[in-house]
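To find a chain, count down the sequence lines: A is the first, B the second, and so on, and within it residues start at 1.
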Protein chains: 2
Amino acid sequence: MENSAENVRSQMRKGVLEYCILSILDKKEAYASSILDELKSANMIVVEGTVYPLLIRQKNQGLLSYRWEESTQGPPRKYYCITEKGRQQLGEMDAAWQEIVDTIKTIKER
Amino acid sequence: MENSAENVRSQMRKGVLEYCILSILDKKEAYASSILDELKSANMIVVEGTVYPLLIRQKNQGLLSYRWEESTQGPPRKYYCITEKGRQQLGEMDAAWQEIVDTIKTIKER
DNA sequence: TTGAATACCTTGCAACACAAAGTACTAATT
DNA sequence: AATTAGTACTTTGTGTTGCAAGGTATTCAA
């Protein structure tokens, strides 16, 4: 029922992943697999079944748009791109993140 | 369906709250209402319905123990205290938290 | 005895991450 | 031509979490 170390990380990822993905797409458009690679290289382990539904959710909320692009290596890719609304949301997330970081610092330092 | 700013914060709290509570109890024992007050004063808005079940969960996992203490002002208080196992878990959470903070820094700086 | 303050607890719901399985396209083997 | 490996996208079901809303119980003052 519990894999302590991994479970701790999994729970902390909640809500933060969405922030990571918007941040990645704020720099340049990308498709799901490449986003997965970037997250892994930044030490954030995630799986497909988490990222795909998340991208669809964000698209349905109007935070992202996408276009199909042919690939010479395999099936076509769905390139996601942040929207204006997505940038606003990202701004809110930057603030929320900073708040949480500060809160924990406050609690720890007391 | 959505109160964007608040919802963003609520989602980010997931998994982090547990960390905050263990951190607070690592310094000194406390009862639920006083923990709520400390969280609020550190800018982490939470409600009773969140904290009580969380404390019970952590107790059931053996991370906390408690004792009842009479109060001159109202009903008796349930003072929670971190256990050895709780301290170990807290150590893992410290590492997990640092990892996430670093991950986001990495993504943002690229 | 009524009300306010304090403190604890429960129920039902929505959001999220994950495991596991499935679909579909391309290119290199066999 | 058929099979296999690689790439990419999608869906279903499960467990965990935070929250709103409501409830129980104790003490003390008006």
To the nearest angstrom, the OH-P distance between B:Tyr31 and C:dC9 comes to 14 Å
note: A:Ile56, atom CD1; C:dA15, atom P; distance rounded to Å ~ 16 Å
Taken to the nearest whole Å, OH/B:Tyr66 to C1'/C:dC9 is 12 Å
From CD of A:Gln58 across to P of C:dA15 the rounded distance in Å is 14 Å
For A:Pro76 and A:Trp68 the tightest heavy-atom approach is O-CZ3, 3.8 Å
If you take the centroid of each ring, where Trp contributes its six-membered ring, are B:Tyr66 and B:Tyr79 closer together than 6.0 Å? no
Does some side-chain heavy atom of A:Val16 sit less than 4.5 Å from a side-chain heavy atom of A:Met12? no
A:Met12 CE to D:dG18 P, in whole Å, measures 11 Å
Comparing nearest nucleotides in DNA chain C, the 5'-proximal residue of the pair B:Ser34, A:Glu70 is B:Ser34
- Query: Does B:Ser71 put a side-chain nitrogen or oxygen below 4.0 Å from OP1 or OP2 of D:dT27?
  - Reply: no
Rounded to the nearest 0.5 Å, the CD atom of B:Gln89 sits from the CG atom of B:Leu63 at a distance of 5.0 Å
Taken to the nearest whole Å, CH2/B:Trp68 to C1'/C:dC8 is 6 Å
* **Presence of salt bridge, B:Glu29 and B:Arg67, under 4.0 angstrom** => yes
Between the OG1 atom in B:Thr83 and the CG atom in B:Leu22, the distance rounded to the nearest 0.5 Å is 8.5 Å
| request: Check the pair B:Val101 / A:Trp97 against side-chain contact (heavy atoms from CB on, under 4.5 Å), numbers first and verdict last. | output: CA-CA 10 Å; B:Val101 169; A:Trp97 176 245; 4.1 Å; yes
B:Gln73 CD to C:dA4 C1', in whole Å, measures 12 Å
Tell me whether the OP1 or OP2 atom of D:dC9 has a side-chain N or O from A:Tyr52 closer than 4.0 Å. yes
When rounded to whole Å, the OH to P distance for the pair A:Tyr80 and D:dA8 reads 14 Å
Reading nucleotides 16-22 of chain C from 5' to 3' and marking B where a protein heavy atom lies under 4.0 Å of the base, S where only the sugar-phosphate is that close, and - otherwise, the string is BSBBB--
